[in-house]
There are 2 protein chains.
Amino acid sequence: MSPKEEESKNRKAEILEAAAALFAESGYYKTTTADVARAVGVTQPYVFHFFKSKEQLYLAVLDNAYEKILHAFNTAEAPPEQLPEAMGKAFADLLATHRNEILLVMMSYATPEDAVRQKCQERFDTVYERVKSRFEQAGIPDAAGRARDFIGQGMIISLAETLNLPKLLPWHGKLGPDCD
Amino acid sequence: MSPKEEESKNRKAEILEAAAALFAESGYYKTTTADVARAVGVTQPYVFHFFKSKEQLYLAVLDNAYEKILHAFNTAEAPPEQLPEAMGKAFADLLATHRNEILLVMMSYATPEDAVRQKCQERFDTVYERVKSRFEQAGIPDAAGRARDFIGQGMIISLAETLNLPKLLPWHGKLGPDCD
DNA sequence: TAGTATTTATTGATCTATAAATAAAAAGGA
DNA sequence: TCCTTTTTATTTATAGATCAATAAATACTA
């Protein structure tokens, strides 16, 4: 497939991808639909052919990102005692491969748009319930508390990444294989 | 002091207070200088007589809020074994009495303005170092890790409050004195 | 009257969203 | 195959709204 064909294969997917990067870096308000269009190489009004508003575009991006997180937590496998660790690693891997989307999810609760808040509330609840339920299945005591701490850990990792404060990363100071 | 005198006693302080509430509720971008002015009862351009830009106003509000948090963590006193708990309570008290400012601090790292990011980085670092240092003085093992978890707890509390997800509050399910 | 507090008027920039126009591609019939 | 019609992809032009910020004018107070 030629680059040109590749490019025009699925404009909607291209827009979603570019928007994810831009929203993650510059947030909902500071990212303009013109920025997204420019990144893809189309004109600004054309974005509205695929998404009826900037808000709908943002929500679509956010939804994709939450799906990735849920999938990672659903598929992480390990013997019961090591489950939290394995899920933590799944999160760290996702952060490495899809940094934009992960940080977007972890920051979106601070976006004061009703529709965004609603989605964050619903999806964060789902993530929490999923983590708790997997911890329960693994026979981990105080699964609710552990799930809470697990999410807290995710938040502080995102904070550390966003503000460039490596001190706050849980793996700070420790070295592992392939540590840079 | 008459209401009129009271009102005009310190316009700058009034503006800071109104701005704190508005910024906390609606964030940096969605809060306009006209909103702040209206809340105080002055005209929009007059805000610029006290703060040379909207950004400077926001930074001033943010600074006040960080000061309150630092003060609370500095002054919390307890026997060494109970220090983390006492500092957690100090945070919870602050959240109850100055909800706006606390939530503002915990969400501001998601505001993609260079000056805001810089302040958050510097101040979050200060808070972390202070907590860690107090934990060390109290002879708590792995003070760095405990300080990290402490901040993570604060983040998840703020998330739970912002998104209205009481499940995620550490004190969820437990009852204490005067629990509502 | 001097000085301080505050307002009116306004500019210029930015951004989402709509509507109409055009170009390109695909389909259909002779 | 060549011409015509229809559909799809994309652009140009622009409306309409909002906002931060400046400058000049005015009201208030001592």
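Just so it is clear, the structure is predicted and the values come from calculations on it, not from any experiment. Chain letters run A, B, ... following the sequence lines, proteins first and then strands; every chain starts at 1.
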For this session: Using heavy atoms to find the nearest nucleotide of DNA chain C for B/F50 and B/P45 separately, return the residue whose nucleotide is more 5′.
Result: B/F50

Exercise. When the distance from CD1 of A/I15 to C1' of D/dA9 is rounded to whole Å, what number comes out?
Worked result: 12 Å

Exercise. In whole Å, what is the span from the CZ atom of B/R11 to the P atom of D/dC28?
Worked result: 13 Å

Exercise. When all nucleic acid strands are considered with a 4.0 Å heavy-atom cut-off, which category describes B/T43: base, sugar-phosphate, or nothing?
Worked result: base

Exercise. With a 4.0 Å cut-off, would you call B/K119 and B/E122 a salt bridge?
Worked result: no

Problem set entry | Distance test, side-chain N/O of A/T32 to OP1/OP2 of C/dC15, below 4.0 Å | no

For this session: State yes or no: are the ring centers of B/F51 and B/Y46 separated by less than 6.0 Å?
Result: no

Problem set entry | Spacing of B/E55 atom CD relative to D/dA20 atom P, expressed in whole Å | 13 Å

Problem set entry | Separation of C/dC15 P from A/Y28 OH (nearest whole Å) | 14 Å

Seminar exercise, completed: Here the distance between atom P of C/dA5 and atom CG of B/N10, to the nearest Å, is 11 Å

Problem set entry | Side-chain N or O of B/Y46 closer than 4.0 Å to phosphate OP1/OP2 of C/dT7 | no

Exercise. Hey, is B/E67 close enough to B/R123 for a salt bridge, meaning N to O under 4.0 Å?
Worked result: yes

Exercise. Taking the six-membered ring for Trp, are the ring centroids of A/F23 and A/Y58 within less than 6.0 Å of each other?
Worked result: yes

Problem set entry | Rounded interatomic separation in angstrom, taking CZ from A/F51 and C1' from D/dT10 | 16 Å

For this session: May I have the distance from B/Q44 (atom CD) to C/dT7 (atom C1'), rounded to whole angstrom?
Result: 11 Å

Exercise. What's the CZ-P distance between B/F48 and D/dA21, to the nearest Å?
Worked result: 4 Å

